[in-house]
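Below is one structure, written out as structure tokens, with a few remarks after it.
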Protein chains: 2
Amino acid sequence: MVTDGLTEMLRGTLEGIVLKLIDAEETYGYAITRRLNELGFADLTEGTVYTILLRLEKRGLVDVSKRPSEVGPPRKFYALNDAGRRELATFWARWDYLSSRIDELKES
Amino acid sequence: MVTDGLTEMLRGTLEGIVLKLIDAEETYGYAITRRLNELGFADLTEGTVYTILLRLEKRGLVDVSKRPSEVGPPRKFYALNDAGRRELATFWARWDYLSSRIDELKES
DNA sequence: TAGTGGTACCTTGTGAGATAAGGTAGTTCC
DNA sequence: GGAACTACCTTATCTCACAAGGTACCACTA
């Protein structure tokens, strides 16, 4: 499978991906994990996502609010704040730069 | 600069990039570093490239031959072998997969 | 009421890889 | 003999994705 060995390649982009998901919609760890699995990142586990979320919180890129769920334990909802949106913009700039450079190289 | 903080994003792709450069032309560490700097990876240093080259050699992905230079110390030339070409193909498959997923996400 | 399955959170340790910060030598030219 | 360029290498450090655990809430049912 192509998805084998994606781990190293995900470094430095996974955080941006999570930022984007949070930007699209206020959401929580368990749902983000599910969403990422759907999106093609099949091997991603909850542990990975939670370490990222805690990092984002620690860096002050997200606002957090705990809310009860009707089907399980309370959920920790994450929303991007201004710093988070700036970080996301930076992420896309870096991504565009890197992917352009690599695609150029690939076609050469 | 966009190139700031590219480090983490380069993880797992830099090796593939180096494989591609070697595939294009038998070459050596110092020249690879220069080429990468030209290609937009401005902050990349020799130390980084040499650790990758030694890893490629250890994994048996390249053939190595030392040859004298007319302008300095002898050069260690690297050429891709069959295993290296297979690895490069795998790298592109992974890259295409990852960049597609991310670009989809970006446009959504 | 004990068990199962789904939801939802977290922690700790490990490993891989890019980088920084050094070092050693060969050549050319003044 | 001292720059400046070429050319190689090593070691220690840091970050980050992940594995492998754990806790707890809720609904259902045997």
Side-chain angles (χ1 to χ4, degrees), chain A residues 3-19 26-37 41-59 61-62 64-78 87 91 94 98 102, chain B residues 3-19 26-37 41-59 61-62 64-78 87 91 94 98 102:
Chain A
T3 49
D4 286 349
L6 220 59
T7 298
E8 287 307 324
M9 218 178 249
L10 272 175
R11 284 182 106 94
T13 65
L14 192 49
E15 181 179 302
I17 294 171
V18 170
L19 282 173
E26 196 187 18
T27 181
Y28 56 99
Y30 188 79
I32 291 172
T33 308
R34 287 295 111 97
R35 186 92 186 88
L36 286 169
N37 293 150
F41 306 102
D43 298 339
L44 242 111
T45 65
E46 295 176 37
T48 300
V49 172
Y50 286 117
T51 54
I52 292 171
L53 290 174
L54 291 174
R55 199 163 70 229
L56 296 179
E57 192 178 349
K58 205 169 290 174
R59 288 208 217 137
L61 304 176
V62 287
V64 185
S65 61
K66 202 163 203 164
R67 293 188 223 147
S69 159
E70 291 175 357
V71 293
R75 297 166 173 164
K76 265 181 79 179
F77 279 88
Y78 293 85
E87 180 66 24
F91 166 72
R94 274 205 284 262
L98 179 65
I102 292 184
Chain B
T3 49
D4 285 350
L6 221 58
T7 298
E8 286 306 325
M9 220 179 247
L10 272 175
R11 288 183 118 90
T13 64
L14 192 48
E15 180 181 303
I17 294 170
V18 170
L19 282 174
E26 197 188 18
T27 180
Y28 56 99
Y30 187 79
I32 291 172
T33 308
R34 288 295 111 94
R35 188 90 186 90
L36 286 168
N37 292 151
F41 306 102
D43 299 337
L44 241 111
T45 65
E46 294 175 38
T48 299
V49 173
Y50 286 117
T51 53
I52 292 171
L53 290 173
L54 293 173
R55 198 163 70 229
L56 296 179
E57 192 179 349
K58 205 169 292 177
R59 287 209 218 136
L61 303 176
V62 288
V64 186
S65 61
K66 203 163 203 165
R67 293 187 223 147
S69 159
E70 290 174 356
V71 293
R75 296 165 175 165
K76 265 181 78 177
F77 280 87
Y78 293 85
E87 181 65 25
F91 166 73
R94 275 205 282 262
L98 179 66
I102 292 183

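Here the structure is a predicted model, which is why all the values come from computation and not from measurement. Convention: sequence-line order gives letters A, B, ...; per-chain numbering from 1.
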Requested in this report: Can you sort out the partners of B:Thr33 under side chain to side chain contact (heavy atoms under 4.5 Å, CB included), two or more places apart, ordered by chain and number?
Outcome: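 For B:Thr33, the residues satisfying side chain to side chain contact (heavy atoms under 4.5 Å, CB included) (neighbours in sequence not counted) are B:Asn37, B:Glu46, B:Val49.
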
Whole-Å gap separating [atom2] ([N]) and [atom1] ([X]):
X: B:Arg94; N: D:dA17; atom1: CZ; atom2: P; answer: 16 Å
X: B:Asn37; N: D:dA7; atom1: CG; atom2: C1'; answer: 15 Å
X: A:Glu57; N: C:dT11; atom1: CD; atom2: P; answer: 10 Å
X: B:Leu54; N: C:dA18; atom1: CG; atom2: C1'; answer: 14 Å
X: A:Phe41; N: D:dA17; atom1: CZ; atom2: P; answer: 12 Å
X: A:Leu56; N: C:dC10; atom1: CG; atom2: C1'; answer: 16 Å
X: A:Ile32; N: C:dA8; atom1: CD1; atom2: P; answer: 12 Å
X: A:Glu46; N: D:dG22; atom1: CD; atom2: P; answer: 15 Å

Between [X] and [N], is there a contact of a side-chain N or O with OP1 or OP2 at under 4.0 Å?
X: A:Arg55; N: D:dA17; value: yes
X: B:Lys76; N: D:dC9; value: yes
X: B:Tyr50; N: D:dC9; value: no
X: B:Tyr28; N: D:dC8; value: no
X: A:Arg34; N: C:dT7; value: yes

Report task. Classify the nucleic acid contact of A:Thr48 as base, sugar-phosphate or nothing, counting any heavy atom under 4.0 Å across all strands shown. Result -> base

Report task. Answer with base, sugar-phosphate or nothing: what part of the nucleic acid does B:Arg67 contact at a heavy-atom distance below 4.0 Å? Result ->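 Answer is nothing: B:Arg67 stays at 4.0 Å or more from every strand.
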
Requested in this report: Among D:dT6, C:dT19, D:dC25, find the nucleotide with the atom closest to the side chain of B:Val71.
Outcome: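 When the side chain of B:Val71 is considered, D:dT6 is the closest of D:dT6, C:dT19, D:dC25.
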
Query raised in the report: If each of A:Ser69 and A:Leu10 is mapped to the nucleotide of DNA chain D with the nearest heavy atom, which maps nearer the 5' terminus, i.e. the 5' end?
Result: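 Taking each residue's closest nucleotide, the earlier one in sequence belongs to A:Leu10.
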
Query raised in the report: Closer to the 5' end of DNA chain D via nearest nucleotide, is it A:Leu44 or A:Gly72?
Result: A:Leu44

Query raised in the report: For B:Phe77, what residues pass the ring-ring contact (aromatic ring centres under 6.0 Å, His included) criterion, not counting sequence neighbours?
Result: B:Tyr28

Query raised in the report: How would you list, by chain and number, every residue that makes a salt bridge (Lys or Arg N to Asp or Glu O under 4.0 Å) with A:Arg75, sequence neighbours excluded?
Result: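 Not a single residue meets the salt bridge (Lys or Arg N to Asp or Glu O under 4.0 Å) criterion with A:Arg75.
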
Query - A:Leu44 and A:Leu14, any side-chain heavy atoms less than 4.5 Å apart - result: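 Touching, per the 4.5 Å side-chain cut-off.
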
Query raised in the report: Do A:Phe41 and A:Leu10 have side chains that get closer than 4.5 Å, going by heavy atoms?
Result: yes

**Report entry** Which atom of B:Met9 lies closest to which atom of A:Gly12, heavy atoms considered
**Finding:**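 In terms of heavy atoms, the two residues are closest at CE-O, 3.9 Å.
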
Close N or O pairs between protein and nucleotides 12-16 of chain C (under 3.5 Å):
{"residue": "C:dG15", "atom": "N2", "partner": "A:Arg11", "partner atom": "NH1", "Å": "3.4"}
{"residue": "C:dG15", "atom": "N2", "partner": "A:Arg11", "partner atom": "NH2", "Å": "3.4"}

Report task. Using side chain to side chain donor-acceptor pair (under 3.5 Å) as the criterion, list what pairs up with B:Arg11, not counting sequence neighbours. Result ->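 Result, side chain to side chain donor-acceptor pair (under 3.5 Å) vs B:Arg11: B:Glu8.
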
Query raised in the report: Looking at residues at least two apart in the chain, or sitting in another chain, which of them share a side chain to side chain donor-acceptor pair (under 3.5 Å) with A:Arg35?
Result: A:Glu38

